[in-house]
Amino acid sequence: MRPPLLGVIMAGGGNRRYDGRPKALESVGGVRIADRVIAALREATAHVVMVTNDPDTFAGLGLQMRPDLRPGIGALGGIHTAVCWAEEAKCRAALVVACDMPFVPGGLLRRLADAAGPGLVVAPASPSRRGLEPLCASYGVGCRPAIEAALARGDRHVTAFFDEVTVRTLPKDEVAAFGDPELIFLNVNTPQDKQRAEAIARTARAPS
């Protein structure tokens, strides 16, 4: 039997573009964004936790929480913390999802979980400039040395270590089977983004 997977909600940001309010606790379609992400992750693994530097704000979610091991580094610091936590928990990988993605489908997360391995990054193809979505991806525990090497040289880009590990990209057609990628990876970073998400939820075009 393969080791389990650790589902990790990434909530390390300061919500600066959302006027300092915790955007993950905003509701879309009558459901808090954080609750949507938790439900999606639980379709892929029973082990769901949160990386956050503000645990008091999210205490009501009932999740185990930890702060960044190296604060102030951004998303790469959160991924590093998630991978270290997965290693400590004897999981093969950390399946990370940003806390502000209301429409990420559980089916896509199950697909990423199925492909996850201890020495792999598995990320879905996306319309972003990177061509993949690093904040909805699986990071094997074997990625830890490469992440720490990137941090040691001062490179904080979220994909700073990708050239040093095996990266598998879930193809566009497989991702599209779960819904429109423009919606799946929508981030609610601003009040305007929330208005767009509400409109999507009302028209029932969002993936489930």
Query - Evaluation steps, side-chain contact (heavy atoms from CB on, under 4.5 Å), between Leu186 and Arg196 - result: CA-CA 9 Å; Leu186 173 67; Arg196 182 186 176 201; 3.4 Å; yes
Query raised in the report: Met50 versus Val8: any side-chain heavy-atom pair under 4.5 Å?
Result: no
Query - Donor-acceptor pair, side chain of Arg70 and main chain of Leu151, under 3.5 angstrom - result: no
Query raised in the report: Got a second to check how far Leu76's CG is from Thr159's OG1, nearest 0.5 Å?
Result: 9.0 Å
Query raised in the report: Taking side chain as C-beta onward, heavy atoms only, is Leu109 less than 4.5 Å from Cys136?
Result: yes
**Report entry** Trp85 side chain near Val51 side chain, heavy-atom distance below 4.5 Å
**Finding:** yes
Query raised in the report: Looking only at heavy atoms, which two atoms of Ala125 and Thr169 are closest? And how far apart?
Result: N-CG2, 3.7 Å
**Report entry** pair Ile9-Val49: side-chain heavy atoms closer than 4.5 Å
**Finding:** no
Requested in this report: Please assess Leu132 against Phe162 for the test side-chain contact (heavy atoms from CB on, under 4.5 Å), listing each intermediate value before the final yes or no.
Outcome: CA-CA 12 Å; Leu132 52 76; Phe162 276 27; 4.0 Å; yes
Query raised in the report: Are Glu174 and Arg110 close enough for a salt bridge, meaning some N to O gap below 4.0 Å?
Result: no
Query raised in the report: Can any side-chain N or O of Thr190 pair as donor or acceptor with the backbone N or O of Asp193 at less than 3.5 Å?
Result: yes
Query raised in the report: How about Val141 and Arg92: do any of their side-chain heavy atoms sit closer than 4.5 Å?
Result: no
Report task. Establish whether Leu69 and Val158 are linked, either directly or via other cluster members, by ILVMFWY side-chain heavy-atom contacts under 4.5 Å. Result -> no
Report task. Using the salt bridge (charged side-chain N to carboxylate O under 4.0 Å, His left out) rule, take Glu88 and Arg66 through it: C-alpha gap first, then chi angles, then the decisive distance, then the call. Result -> CA-CA 13 Å; Glu88 177 188 318; Arg66 289 187 185 180; 2.7 Å; yes
Query raised in the report: Taking all non-hydrogen atoms of both residues, which atom of Met10 and which atom of Gly78 are closest, and how far apart?
Result: CE-C, 3.4 Å
Query raised in the report: Between Lys23 and Lys194, does a side-chain contact (heavy atoms from CB on, under 4.5 Å) hold up when you go through it step by step?
Result: CA-CA 9 Å; Lys23 55 191 178 180; Lys194 181 177 182 293; over 6 Å; no
Query raised in the report: Yes or no on salt bridge (charged side-chain N to carboxylate O under 4.0 Å, His left out) for Lys172 and Glu133, after CA distance, side-chain angles and deciding distance?
Result: CA-CA 11 Å; Lys172 291 180 180 179; Glu133 180 45 71; over 6 Å; no
Query raised in the report: Would you say the side-chain atoms of Asp180 pair up with the backbone N or O of Glu182, donor to acceptor, closer than 3.5 Å?
Result: yes
Query raised in the report: Would you say Thr57 and Leu25 make side-chain contact, with heavy atoms under 4.5 Å?
Result: yes
Query raised in the report: From Asp54 CG over to Met65 CE, what is the distance, rounded to the nearest 0.5 angstrom?
Result: 9.5 Å
**Report entry** Check against salt bridge (charged side-chain N to carboxylate O under 4.0 Å, His left out), Glu26 and Arg32
**Finding:** CA-CA 5 Å; Glu26 295 288 320; Arg32 290 185 303 186; over 6 Å; no
Query raised in the report: If you measure from CD1 on Ile38 to CD on Glu43, what distance do you get to the nearest 0.5 Å?
Result: 13.0 Å
**Report entry** Main-chain N/O of Thr52 paired to Asp68 side chain as donor or acceptor, under 3.5 Å
**Finding:** no
**Report entry** Asp173, CG atom: more than 12 neighbouring heavy atoms under 6.0 Å
**Finding:** yes
**Report entry** Between CG on residue Leu135 and OG on residue Ser128, distance to nearest 0.5 Å
**Finding:** 9.5 Å
Requested in this report: Determine, stepwise, if the pair His47 / Leu5 fulfils side-chain contact (heavy atoms from CB on, under 4.5 Å).
Outcome: CA-CA 7 Å; His47 308 284; Leu5 198 75; over 6 Å; no
Query raised in the report: Side chains of Val121 and Thr166: closer than 4.5 Å at any heavy-atom pair?
Result: no
Requested in this report: Kindly give the heavy-atom pair with the smallest separation between Cys99 and Ala24, and that separation in Å.
Outcome: O-CB, 3.6 Å
Query - Rounded distance [0.5 Å steps], CZ in Phe178 versus CG in Leu170 - result: 7.0 Å
Report task. Find the distance between CD (Glu164) and SG (Cys143) and round it off to the nearest 0.5 Å. Result -> 10.5 Å
Report summary line: Between Ala113 and Leu95, the two heavy atoms sitting closest are CB-CD2, 4.4 Å
Query raised in the report: Just wondering, do Tyr139 and Phe161 contact through their side chains at under 4.5 Å, heavy atoms?
Result: yes
Requested in this report: Locate the shortest heavy-atom distance separating Leu120 from Arg168; write the atom from each residue and the value.
Outcome: CD1-NH1, 3.6 Å
Query raised in the report: Has the side chain of Thr203 got a donor or acceptor atom that lies under 3.5 Å from a matching backbone atom of Ile200?
Result: yes
Query - Closest non-hydrogen atom pair between Ile184 and Gly179, with its separation - result: CD1-O, 3.5 Å
